[in-house]
Amino acid sequence: MNYAPASPTGNAEAFAFDNSYARLPQQFFARVAPTPVAEPWLIKLNKQLAEELGLDVATLEREGAEIFSGNRLPAGADPLAMAYAGHQFGTFVPQLGDGRAILLGEVIDRNGKRRDIQLKGPGQTPFSRRGDGRAALGPVLREYIVSEAMYALGIPTTRALAAVVTGQPVYREQILPGAIVTRVAASHMRVGTFQFFAARGDMESVKVLADYAIDRHYPEVRDAERPYLAFYKAVTARQAELIARWLHVGFIHGVMNTDNMTISGETIDFGPCAFLDAYDPKKVFSSIDQIGRYAYASQPAIGQWNLARLAETLVPLFGDNQDTAVELANDALGEYGAIFQRHWLDGMRRKIGLAMSEKGDLDLLQALLTAMHQGEADFTLTFRRLCDSARDPAADAVLASTFASTGAIGPWLQEWRQRLSREKATPDERATAMMAVNPAFIPRNHRIEEAIAAATEDADFSLFEALVEVTANPYADQAQFARYQAPPSPGEEVQRTFCGT
């Protein structure tokens with residue numbers, strides 16, 4: 001199949017679509033159009049992303065409410081809902097699919113990269129399973145805020161192109177304003193997409209999907225001796241690095257089901273996601289994670305578990321001898337832990353100002369995390385204030401104030417400075433490097449909830465706009481946004497986040 005970009009056609013609003021997934025066999029999707037909505041209104045257009053995609057910003061500002069609500073399809077769109085299965089909290093569901101999402105099509109951006117354009121919340125599809133296919137305003141704003149914040153933090157992620165309100169309600173535990181988010185992704189293929197066909201014994205479709213994924217995301221493995229094994233190893237490596245980077249910024253996905261793990265290595269589906277306030281490796285926010293399966297520190301192991309499920313779908317492609325194929329799969333999966341540990345340790349070294357590697361670095365880092373846990377220290381603020389301590393020991397007192405009990409951090413700081421003495425950077429150089437990897441701002445849970453409440457209850461989007469603005473530049477000190485840097489005060493803590501389905 002040829003994935004070269006098509007020549008731009010159509011009017012100014014056209015996305016120059018080249019819809020390769022729609023050219024796959026019919027069993028991969030169901031063609032379905034968005035259901036029109038009553039009175040759409042454009043909340044937010046991501047102009048920077050629109051320009052990156054080669055879209056006409058002026059047209060989208062003028063006509064975006066109709067386009068991003070699904071009321072009017074751009075020229076060249078071929079809307080469809082993708083089929084996939086998945087393990088949800090460890091239980092296999094053989095058919096899930098896009099129950100409230102419709103892929104409009106694909107474009108080739110200004111960097112030559114193929115990107116999916118998908119509406120989330122545009123109405124029912126054949127995979128809706130008695131759902132209404134709609135999204136409430138709160139989850140749409142959360143996805144917009146967090147996905148764009150993740151992008152600004154430098155973490156591979158789907159992105160938000162636009163958000164609209166639909167002018168009609170959705171019915172959940174209460175009546176809420178309806179909304180739609182337009183999501184942009186390298187692709188929407190998931191581990192669960194492979195599971196959908198493998199569960200049906202349709203290995204021909206698994207092979208077609210693997211070939212498509214290789215051509216789209218991993219063309220470098222096509223000429224490998226065992227291309228499907230090389231493909232699996234490449235997916236494994238990307239996921240190991242991605243999850244390490246989540247941990248570096250205190251991110252908890254919340255629903256790491258196999259249908260929420262992309263083949264491309266992007267973060268996807270920002271439902272009950274959240275960021276750590278006080279450091280706790282067992283922290284869970286998701287209201288549907290009753291047993292802590294997807295707790296902060298459990299995410300690396302869950303990533304490996306999900307990749308084992310992917311291996312099960314691909315094993316028949318690894319070779320004709322089944323025993324040999326299984327052994328190859330196990331060996332490849334066994335590499336995950338070392339890849340993850342390398343990325344995690346390298347990133348954590350940078351967070352505490354270490355450029356060189358020494359044997360005792362892991363123990364030093366674990367001692368810091370233990371002190372943070374015991375001292376109930378804010379994850380983001382501790383590392384950001386450590387940047388100041390790297391420049392000037394006089395800042396240690398401010399750092400210590402982050403801890404409920406200041407005694408825990410004092411001995412660690414002595415060890416840390418002894419370790420820094422064997423590094424070559426000057427204090428200013430070290431602090432500058434640390435500030436580039438330790439954000440001053442994250443989309444804190446209580447601020448997200450504050451923005452959602454203002455928008456939902458009062459149609460006030462000013463807090464949403466402010467949060468988007470401040471998290472677009474997370475590594476810079478922004479004095480005018482100081483309130484967004486502070487952890488929640490007593491009574492402001494968010495203990496539960498919700499999926500919104």
Side-chain angles (χ1 to χ4, degrees), residues 19-32 78-106 116-131 133 135 143 158 183-214 216-217 228 231-232 235 238-239 253-271 294 302-303 305-317 499 501:
N19 304 323
S20 63
Y21 204 86
R23 298 197 289 269
L24 292 173
Q26 180 62 43
Q27 64 267 28
F28 283 74
F29 54 82
R31 281 193 163 84
V32 58
D78 191 355
L80 58 87
M82 296 172 65
Y84 51 83
H87 277 86
Q88 299 196 317
F89 290 90
T91 300
F92 184 64
V93 182
Q95 180 166 304
L96 293 168
D98 286 331
R100 58 168 181 160
I102 292 176
L103 177 66
L104 292 182
E106 304 152 28
D116 279 2
I117 310 293
Q118 183 197 68
L119 301 181
K120 190 172 180 180
Q124 289 183 320
T125 79
F127 305 109
S128 293
R129 296 181 296 163
R130 302 187 304 279
E143 176 139 354
T158 61
R183 182 162 67 186
V184 176
S187 81
H188 285 84
M189 287 180 285
R190 311 152 188 262
V191 171
T193 317
F194 285 84
Q195 290 180 295
F196 179 84
F197 298 108
R200 289 158 176 75
D202 184 359
M203 286 309 300
E204 179 57 33
S205 291
V206 171
K207 184 178 183 299
V208 169
L209 184 63
D211 288 338
Y212 176 85
I214 288 170
R216 184 159 177 176
H217 295 302
Y228 301 112
F231 162 64
Y232 176 68
V235 174
R238 281 198 192 176
Q239 285 294 335
H253 185 280
V255 277
M256 285 182 67
N257 299 327
T258 57
D259 54 293
N260 292 335
M261 177 178 274
T262 62
I263 297 304
S264 66
E266 288 184 325
T267 314
I268 194 172
D269 287 331
F270 298 92
Y294 300 142
I302 290 297
W305 191 91
N306 288 350
L307 289 164
R309 307 289 76 78
L310 177 62
E312 291 167 352
T313 72
L314 295 173
V315 160
L317 303 181
C499 190
T501 54

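FYI, the numbering just counts along the sequence from 1.
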message: Determine whether Arg190 and Asn260 satisfy the following criterion, side chain to side chain contact (heavy atoms under 4.5 Å, CB included), listing intermediate values before the conclusion.
response: CA-CA 7 Å; Arg190 311 152 188 262; Asn260 292 335; 3.8 Å; yes
- prompt: Do Tyr21 and His188 pass the side chain to side chain contact (heavy atoms under 4.5 Å, CB included) test, and can you show the C-alpha distance, the side-chain angles, and the key distance before you say yes or no?
  reply: CA-CA 10 Å; Tyr21 204 86; His188 285 84; over 6 Å; no
query: Could you go step by step and tell me if Val208 and Phe28 meet the side chain to side chain contact (heavy atoms under 4.5 Å, CB included) rule?
result: CA-CA 10 Å; Val208 169; Phe28 283 74; 3.9 Å; yes
message: For a side chain to side chain contact (heavy atoms under 4.5 Å, CB included) check, start with the C-alpha distance between Gln239 and Thr262, then their side-chain angles and the critical distance, and finish with the verdict.
response: CA-CA 9 Å; Gln239 285 294 335; Thr262 62; 4.0 Å; yes
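Annotation: cation-pi pair Arg200/Phe196 present, NZ/CZ under 6.0 Å from the ring centroid and within 45° of its normal.
Looking at Asn257 and Tyr294, their side chains do bring a donor and an acceptor atom within 3.5 Å of each other. Using a 3.5 Å distance cut-off with no hydrogens or angles, the side chains of Arg238 and His217 do not pair a donor with an acceptor.
Formation of a donor-acceptor pair under 3.5 Å by the Asn306 side chain with backbone atoms of Met256 is found in this model. Judged by distance alone, with hydrogens and angles left aside, the side-chain atoms of Tyr228 form no donor-acceptor pair with the main-chain N or O of Pro316 at under 3.5 Å. When atom types are taken as modelled, the side chain of Thr125 and the backbone of Asp98 share a donor-acceptor pair closer than 3.5 angstrom. Formation of a donor-acceptor pair under 3.5 Å by the Glu266 side chain with backbone atoms of Ala186 is found in this model.
At a threshold of 4.5 Å between non-hydrogen side-chain atoms, the residues Arg216 and Glu106 count as touching. Inter-residue side-chain proximity for Phe231 and Leu314 is flagged as met; some heavy-atom pair is nearer than 4.5 Å.
Taking both residues in full, the closest heavy atoms of Gly90 and Trp305 are given as CA-CH2, 4.1 Å, listed atom of the first, atom of the second, then distance. When every heavy atom of Tyr232 is checked against every heavy atom of Ala308, the shortest pair comes out as OH-N, 4.1 Å. Minimum interatomic distance between Pro126 and Ala30 (heavy atoms only, all atoms of both residues): CG-CB, 3.7 Å. When all heavy atoms of Phe89 and Gly254 are compared, the pair lying nearest together is CZ-O, 4.3 Å. Taking both residues in full, the closest heavy atoms of Pro79 and Ile102 are given as CB-CG2, 3.6 Å, listed atom of the first, atom of the second, then distance. The minimum heavy-atom distance linking Ala81 with Ala101 is given by the pair CB-O, 4.0 Å.
Of the charged side-chain nitrogens involved, none lies within less than 4.0 Å of a carboxylate oxygen, so that Asp78 and Arg23 do not count as a salt-bridged pair. Remark: Arg309 engages Glu312 in a salt bridge, criterion side-chain N to carboxylate O under 4.0 Å.
Atom OH of Tyr84 sits about 10.5 Å away from atom OG1 of Thr258, to the nearest 0.5 Å. Between the CG atom in Leu104 and the CD1 atom in Ile117 there is a gap of 7.5 Å [rounded to 0.5 Å]. Going from atom CZ of Arg129 over to atom CD of Gln95 covers 8.5 Å, rounded to the nearest 0.5 Å. In this structure, CG on Asp259 lies 10.5 Å from NE2 on His87, to the nearest 0.5 angstrom. Between the OH atom of Tyr212 and the CD1 atom of Ile263 there is a distance of 12.5 Å, given to the nearest 0.5 Å. Here the OG1 atom belonging to Thr158 is positioned 7.5 Å from the CG atom belonging to Asp269, to the nearest 0.5 angstrom.
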